[in-house]
Each structure stands twice: as structure tokens, then as C-alpha cells.
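Reminder, nothing fancy here: chain letters follow the sequence lines and each chain counts from 1.
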There are 2 protein chains.
Amino acid sequence: MDVFFLGTGAGVPAKLRNVTSIALKLLEERGAVWLFDCGEATQHQILHTNIRPRRIEKVFITHLHGDHIYGLPGLLSSRSFQGGDSDVTVYGPKGLKDYLEISLKVSKTYLKYNLEVVEIEEGVVFEDNQFVVEAKLLDHGLPSFGYRVVEKDRPGTLKVDKLQALGVKPGPIYKQIKEGESVHFNGQLLDPIDFQGTPQKGRIVTILGDTRPCDAVITLAEEADLLIHEATFSEEDSELAHEYYHSTTVQAGDAARTAKVKKLCLTHISSRYDREGGERLVQEARTVFPETIIAEDLMEVSITIEKINQT
Amino acid sequence: MDVFFLGTGAGVPAKLRNVTSIALKLLEERGAVWLFDCGEATQHQILHTNIRPRRIEKVFITHLHGDHIYGLPGLLSSRSFQGGDSDVTVYGPKGLKDYLEISLKVSKTYLKYNLEVVEIEEGVVFEDNQFVVEAKLLDHGLPSFGYRVVEKDRPGTLKVDKLQALGVKPGPIYKQIKEGESVHFNGQLLDPIDFQGTPQKGRIVTILGDTRPCDAVITLAEEADLLIHEATFSEEDSELAHEYYHSTTVQAGDAARTAKVKKLCLTHISSRYDREGGERLVQEARTVFPETIIAEDLMEVSITIEKINQT
Ligand SMILES: [Zn+2]
Ligand SMILES: [Zn+2]
């Protein structure tokens, strides 16, 4: 589970930062990549990575500002052109369907895969046996969602070799041990702990759309392993941030601290800040939340698995 | 008058060539830039040039395939964001209006300048005292236009200094000389030739949308100073070219020869050809039309003024 930043800028593309897109790489988990937002030239950024467009399974759009969606028709078209044939689902605010339909229709683009567009409301927008994705509305002047991606806890895998060495054949005993029951076998008491691998605690990544500080940020970010929070402006530009419905570095840090996240990553940085300016931004956030980093285009952050202590 | 190639690829962006866009730089002529097509990330390509988006006065779209239009909403938005406030007119096939309206509407983009979208038919689509732009339908499976940009001939400017040195005051005599009449003044016969600068012949640039070979190509290109013609495929892939409504190198060369153009520039090159492959493409076209070059991204071609011989 890795987060790969395809674009980390705000509003307009610049040489240092492209407009917003984030890839959540779930290659080990499900052989798939999920995109969060898709600003113009996201597919161009992907050309410089090892991400295969055909692996993109889901796209979550936070809000419909151009710097978050104008790359979507091109990405979806190229994915088809390059042989992608598995289904894709795109989630996002109302209006997304019209935009994609018209864009694909006028350009006579016929996708070779099934595209589903889901215009979402607050709540659980996706769930399967591995993940739950929950969305909440933020505060950005138009509907802007934050997404909380929760990986479900995984039980340890059964140590089949060890059971077979004792002569236990596949069948009801396997099931009992899997479910944590002690079992009598050949006059021996089998303790399930001895035959189960270590369970893994599911990870939590929170990826927010553009927003002013608000309660939904805290709810979505609660105890996340990684919070990806916009920081369009520095603290001294907090009036601008408020006026344009954005957040500052320190506001992002405050949210991270309140929500007790493990790590904060700032992104959606205004093009007014150069590389040095970016360094100052991250220092500002660290005054309130030390575990802060700042995203750069083509940067990857890994979210490691935490083993659950067995007592 | 310079042609600047912002994107020279076909179908999908690749590292070597971005999707299609061509800037016709008319800075000396009218302080303006005209764009022909605007594939995704055209505004990103512009970041690497000295073209100012605010200078873009007109955009001519050849056809609505995604690789020719998906960069337009972003370019128009950024032009506004970056302070562009002069009017822009976009010309192109039916459907363009819906596409732009929806794209700007869902993204809540309010342009700070007046945008006019003109859905064109064949014929003269623009004319003022400097230029005439004529469009004709090509053969591409969906409506694809070629544009013939004709600069009007310019009469030589009046040599006012020389007239004043003879004591001729501004008035009717100036007008007569401007219109080529001989004039008696103070017992002297003034020959208009002596008091007029050299007239300039207008230049002709023909920029085509994607097309199979067809008569309209020849009509649009007739005696052009520069013909910009797609050459998506090499001669050996002529069946593919036909199937996908494209042209080969040799077909482009044939058209250039038949239309008696001065120079041919190949563009819209399939990503199957690498840099060396491109060299082979241009050699193929030169077998039928020697004055051929091949476009590269960020390449500029100047079209020089030809003085009319005065006899
Ligand atoms: Zn944004
Ligand atoms: Zn094309």
C-alpha cells in the first residue's frame, strides 16, 4: 500500500508541480491502483512512472474544479487505447456524469471496458471484503469530498504445514482453529495461536479534497496512518486561504494533531511557493504536528503493515 | 509569422510527442497567437515556451477527437486565472459548444474574458483587413476541417519623409500617390513608384485536421507557403492509414506536390515511430516532395515575407 503523488499543485499547472492527482497503489493487496482526482496531464505524469493505466480500477473525485478533473477524459480514453479492458468505476460529486458523458460523446470515444460513474452522497461509497471507503463533505464553496480508506483487519493465515506435520487433515479441525478454538487431536490440545500467522491490522488513509478547516476533516482523519491534507497557503496567507476556501499549513497540522493521525502529508501547494518556500511550509506545519512531510510530484510514501500483538 | 509546434503526436500522449496543438504566432502582424487544436497538456507545453496565454486570440479546432480538444477547458481556465482579459473566439465543428459549456459549468469556471464559440461550416470562417481563414471538410470518419490561412497582400507604405522633403503637404496628393497615380507638383511629375515602399505578398499557411487523402486537401493547400499535413503512418502501413482515416508520408508528399506548395511539414506522428523512425518518415515523403520537414514538439518554423517585384 503506497501513495504515489502524480500532481501536488493548486489551481494551474506549473513546472514544479502539476495539478492534483494521487495514486493509491494497492498492487500487493488487489493488483490495482486507485486514483484520487485526475487533473490535466495526469496521464502524462503516469508516463514517467511504473503505473500501468490498465491497473486503474477506481477513480475517486473529490470535487469538480478543473484542476481536479480535466485529465479524466484523456486518461480514460488512453487506458482503452492501450488495451485496458477491465471495468472502471469513477466516484464523485453530482455533475461528473454529465461531464464525462459529453466529453466522451463529442470526441466519439468508445471505451473497450465498462465505465461506471457513481455520483456519491456522504457515507460508505464502496465496500468489499478488503476495504471500506467512506466520504464526507468538506467546506470548499462547492461540494468537495474527503475520503477515508479503511483496510479491514486480516486474520493470520493458517499454518497448514505445521498441522499436516501433526497428521491433521484438512476438514472441520482446520475451520475450528481458524476461528480461534482450541481442539483436541490425538490426545493433544492444539492451541490455535500456534497454528495461525500473525493477524494484520488494517491501515487507514485519509485523502481530502480542497477545504477550509471543518469537523468533517477530523472525523475522516481519526487515527489514520496517513492524512493527506491540502495546504494551499502558508500561515501568513491565512486570510487568502479563508477567502478561497482553502487551508494553511498550520490548519492542516492542527487537524492532524486533533485527529491523532500517525503522519501528515501536505499537498495542493500554491504555485506562489518555490522549492524553498515548500521547505518553509513544512516547517510551519511541524510547529504543531512534527510528523509532517510535504508532497512532491512523483514522490511515493509507503504505509507499512502493523502486526497486531498477540497476547 | 511563425508556426510553433506544441504537440506533434497522434492519439495518445507519449514522452517524445504530446498530442496535437500548433501555435501560429502572429506577434508582429497583430500581437496575437492563434492556436490550431488543443490536445491535453497543451498548456503544460506552453509553460516551456515564451508564448503568453493572454496573447491567444483565436483557437481553431480541426475535429473533436480527444487528442485534439481535451486540453481546451484547462487552457481557457488558466488563461483567465493568469490575468488574460481580452476576448477569445474558438472555432470548430458542431458539438464543441456543448463540450466547452459543460466542462466550464461543472467546474464552476468563470472566465474573466469573453469567450465566443463558433460552430463552423465550410467556407470563410474569419476575415478582417489582415487575414482570411477558410475551412473545408476533409475525410476522417467524423467532421474534420482543414484551415487555409491567407494573409492579405500589403501595399508598400507611403514614403512620407521623401514627399515632405519636396514640400508636398499631407492631403489629396498623398492619397493619389498611395493609389498609384502619377501627380504633377511644382512642375515636376511625381512617379508613385518613387514614393511607395515595397508591397508585401501575403503568406499562406494550410493546417489540416486528420484526414485520408482527398480533393479538399489540394484546394486548401494550393500554392501555400507552408502545408502542415498529418502523416500518422509510414508508407508501408498504408492499409492501417486507410482503415483509421489517416494519411501516410507519401500521401502527404503527393498532396504537397499536386498543390504546388513551397514547403511541407509532417506532423501527427504515431507513437510507434521513435526518433529514428521519424527520420525514415521524412525521407519517404521527400521521395515525392523534397521540400519536406517533420515536426518535433517545441519546434518553430518561420514563414518569411516575400517582396513583390516591382516592374
Ligand atoms: Zn484544487
Ligand atoms: Zn488526431
Counting heavy-atom pairs under 4.5 Å to chain B, which of S78(A), G39(A), G11(A) comes out on top?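 That would be S78(A).
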
Would you mind telling me which of G66(A), G95(A), A14(A), P73(A) has the largest number of heavy-atom pairs within less than 4.5 Å of chain B?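 Between G66(A), G95(A), A14(A), P73(A), the count favours P73(A).
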
Is the [atom1] atom of [X] crowded by more than 12 outside heavy atoms at less than 6.0 Å?
X       : atom1 : answer
E121(B) : CD    : no
Y244(A) : OH    : no
R148(B) : CZ    : yes
R212(A) : CZ    : yes

Measure across [X] and [Y] and return the closest heavy-atom pair with its distance rounded to 0.1 Å.
X       : Y       : value
K108(A) : L142(B) : CG-CD1, 3.8 Å
V12(B)  : F81(A)  : CG1-CD2, 3.5 Å
L64(B)  : V106(A) : CB-O, 3.4 Å

Could you grab the distance from atom NE2 of H44(A) to atom CD of Q45(B), nearest 0.5 Å is fine?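 H44(A) NE2 to Q45(B) CD: 7.0 Å, rounded to 0.5 Å.
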
Spacing of OG belonging to S103(B) relative to CD1 belonging to I69(A), to within rounding of 0.5 Å: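 If I round to the nearest 0.5 Å, the distance is 7.5 Å.
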
Is any side-chain heavy atom of Q43(B) closer than 4.5 Å to one of E40(A)?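 Yes, at least one pair of side-chain atoms sits under 4.5 Å.
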
Could you please spell out the steps behind the side-chain contact (heavy atoms from CB on, under 4.5 Å) verdict for Y70(B) and T109(A)? CA-CA 12 Å; Y70(B) 282 167; T109(A) 304; 3.6 Å; yes

What part of [X] gets closer than 4.5 Å to chain A, counting heavy atoms only: side chain, backbone, both or neither?
X      : result
L96(B) : neither
N18(B) : side chain
T42(B) : backbone

